[in-house]
Amino acid sequence: MTLWSAILLAALVCLSLKAVGYLVPPKVLEAPKPARISDLLTVALLAALVAVQTLGDGQAIVVDARVPALLVAGGLLWLRQSFLVVVFAAALTAALLRLFELAA
């Protein structure tokens, strides 16, 4: 199977899943349990994406300046700071760690 065949197959599967989603009655999706599951699933997928982008480098796990920057960002978000402040502080943390060669 060529790469393009796999891409086209994946696209068709995604399109089919989306089409099936329109056939589900609204009362099923508005029930408390499915609504809660979909909310938690969104958070879990976003957390997994952040973890992979922060710690992943191909097949290896890398701990570098991004980890402390993520911790700073998480702490500032927990303190309910504005998004601009969070991004600036995280970038500054990573830049300073790299400048003083405390992290790669």
Straight-line distance of Leu12 CG to Ile7 CD1, nearest 0.5 Å | 12.0 Å
Heavy-atom closest contact (Ala89 atom, Leu76 atom, distance) = CB-CD1, 3.3 Å
The remaining residues in the hydrophobic cluster of Leu84, counting side-chain heavy-atom contacts under 4.5 Å among Ile, Leu, Val, Met, Phe, Trp and Tyr, are none
Within 6.0 Å of CD1 in Ile61, more than 12 heavy atoms from elsewhere | no
Can you tell me how far CG of Leu99 sits from CG of Leu96, rounded to the nearest 0.5 angstrom?
-> 6.5 Å
Carefully, step by step, assess Leu45 and Leu41 under the rule side chain to side chain contact (heavy atoms under 4.5 Å, CB included).
-> CA-CA 6 Å; Leu45 288 173; Leu41 187 62; 4.2 Å; yes
Please, which pairs that meet salt bridge (Lys or Arg N to Asp or Glu O under 4.0 Å) have at least one residue in residues 58-74, sequence neighbours excluded?
-> Asp64-Arg66
Same cluster (ILVMFWY, side-chain, under 4.5 Å), Val85 and Leu79 = no
State the CG-OG1 distance between Leu49 and Thr54, to the nearest 0.5 angstrom.
-> 8.5 Å
Single-linkage hydrophobic cluster Phe83~Leu70, side-chain heavy atoms < 4.5 angstrom | no
Working to the nearest 0.5 Å, report the span between CG of Leu8 and OG1 of Thr2.
-> 8.0 Å
Going by heavy atoms in the side chains, are Thr93 and Leu97 under 4.5 Å from each other?
-> yes
Non-hydrogen atoms of Ala69 and Ala90 that approach each other most closely | CB-O, 3.3 Å
